[in-house]
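Please read the structure below before turning to the comments.
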Amino acid sequence: MSTFSAPKGTYDLIPPDSAAFLAVREALAAPLRRAGYGYVETPGFEHVELFSRGVGESTDIVTKEMYTLTTKGGTRLALRPEGTASVLRAALQANLHRAGNLPVKLWYSGTYYRYERPQAGRYRHFSQVGAEAIGAEDPVLDAELIILAADAYSSLGLRGVRLLLNSLGDRECRPAYRAALQEFLRGLDLDEETRARIEINPLRVLDDKRESVQRQLTGAPMMRDHLCEACKEYHERVRELIAGAGVAFTDDEKLVRGLDYYTRTTFEFVHDGLGSQSAVGGGGRYDGLSEMIGGPPLPSVGWALGVDRTLLALRAEEVAPGAPASADVFAVPLGEDARRALFTLVTALRRAGVAADFAFGGRGVKSAMKSANRSGARFAVVAGDRDLAEGVVQVKDLASGEQAPVPLVDAVEELRRRVAGSSPTG
Ligand code: ATP
Ligand code: MG
């Protein structure tokens, strides 16, 4: 214990849990790599205005959750609360959209910061994997992203992730709907903050979690009944495409999501094993965002999946994400000459792509074998003076307990072959 502990609402990732975290992050990103998304990384902070304009002045993220600071030079910055605005800013800045190859498909992974009330699954520092497809209006693209996210969850062995789907209309049909909804909401018995929300972002009221509010929403006008022909047609195509890919979904006419910039397709992945923090990921189409941050019209769609909550969902389902063993081979030297010989072997194994570790600290064989077992390695390589005199090492299969000598000169090749042959994790 030191004098310090991590700030409230944050966490350290430490072994062995960090291995599962990495495995989740990797699994969420893998389908994107296979689908032509290129990796993008943006700074941890941006100009405040990028988020206040890009995420929306009326959102909880901007009004309550943003960490802001003023630099010594007087610049107002914010720790990034989400990825989309930054990624679009980066793509515009690099003129990726001008290369003539639309959509620009990008993926990212990183930590995000929101000043929230910390609780299970809700942190002030958390991690997302995200994807954005910039510059194309095509239901196939919306479907592609939704399918990639669903495939990522199922590749992890998750069975309880449900997809909620809605359309928020576009600038053709949403204004009239918005006015109709405002008219309805103004007649309800609501607190002052919610009444203010009616004027700024009335759709968000539909998303209110309180029972007292939800009860009054019966009979509220729904976007679904106000979609223009183009939006209706677009949404129908998206629904067909994801259903055709075998991805189940539920139409959720009240799904609006927290950000101002969404148009048409919106979706959320939820898991019922997480208590009130049920959203494991979400996204949608944001056709107006580029213009909002000073760019050309670039209809786009994207999502962000929460790594932390995905890990919690796996725990809730008691699924172990295929966390790789920290070592495939563990070397246990008996004596000083063996330490030198086996350290050379471990280095050679690592260079040959085999995860290998070593019993450091000159401990006794018993404690060294304990470390070997704890490392998750499949093979221990044990050698003492007599083995070295004979030019061999003992290779022990830690699962079966079988042990046999292998010539030291063949050890790298032999172990590489055996690890590859029996490896579920590579
Ligand atoms: P919520 O409704 O739970 O606040 P959100 O709509 O604010 O979620 P998004 O901005 O869509 O979340 O972020 C995408 C995903 O990132 C969420 O589905 C969730 O898994 C994760 N996430 C968001 N905020 C947090 C947080 N404070 N701590 C941990 N994970 C988070
Ligand atoms: Mg939130």
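Note that ligands are numbered from 1 as they come in the structure, with each ligand's atoms numbered from 1 the same way.
- Using a 30° and 60° split on the angle between ring planes, Phe126 and Tyr112 fall in the tilted class, from 30° to 60°.
- With a 4.0 Å cut-off on non-hydrogen atoms, Arg122 touches ligand 1 through its backbone as well as its side chain.
- Between atom 12 (O) of ligand 1 and the options Arg124, Gln277, Arg114, Gln128, the minimum heavy-atom separation is to Arg114.
- Atoms of ligand 1 found under 4.0 Å from any heavy atom of Tyr123 (numbered from 1 in listed order, with element): 26 (C), 27 (N), 28 (N), 29 (C).
- Every atom of ligand 1 with a heavy atom of Phe126 under 4.0 Å away is listed here by number and element: 22 (N), 23 (C), 24 (N), 25 (C), 26 (C), 27 (N), 28 (N), 29 (C), 30 (N), 31 (C).
- Put simply, the side chain of Arg80 gets close to the backbone of Thr42: a donor and an acceptor are under 3.5 Å apart.
- Residue Ala279 has at least one heavy-atom neighbour below 4.0 Å for each of these atoms of ligand 1: 17 (C), 18 (O), 19 (C), 20 (O).
- Near Gly121, with a cut-off below 4.0 Å to any heavy atom, the atoms of ligand 1 are 28 (N), 29 (C), 30 (N).
- Distances below 4.0 Å separate heavy atoms of Ala304 from the following atoms of ligand 1: 14 (C), 15 (C).
- The shortest N or O to N or O distance between Leu305 and ligand 1 is not under 3.5 Å.
- A salt bridge links Arg210 with Asp208: at least one charged nitrogen is closer than 4.0 Å to a carboxylate oxygen.
- Tyr11 and Tyr123 have their aromatic ring centers within a separation under 6.0 angstrom.
- With respect to Glu26 and Arg33, a salt bridge is recorded, a charged nitrogen being found less than 4.0 Å from a carboxylate O.
- Between Tyr39 and Tyr108, the ring centre distance reaches or exceeds 6.0 Å.
- On a distance-only criterion, Arg309 and ligand 1 share at least one N/O pair closer than 3.5 Å.
- Between Gly281 and ligand 1, at least one N/O pair is under 3.5 Å apart.
- Taking the six-membered ring where the residue is Trp, Tyr113 and His125 present tilted rings, their angle falling between 30° and 60°.
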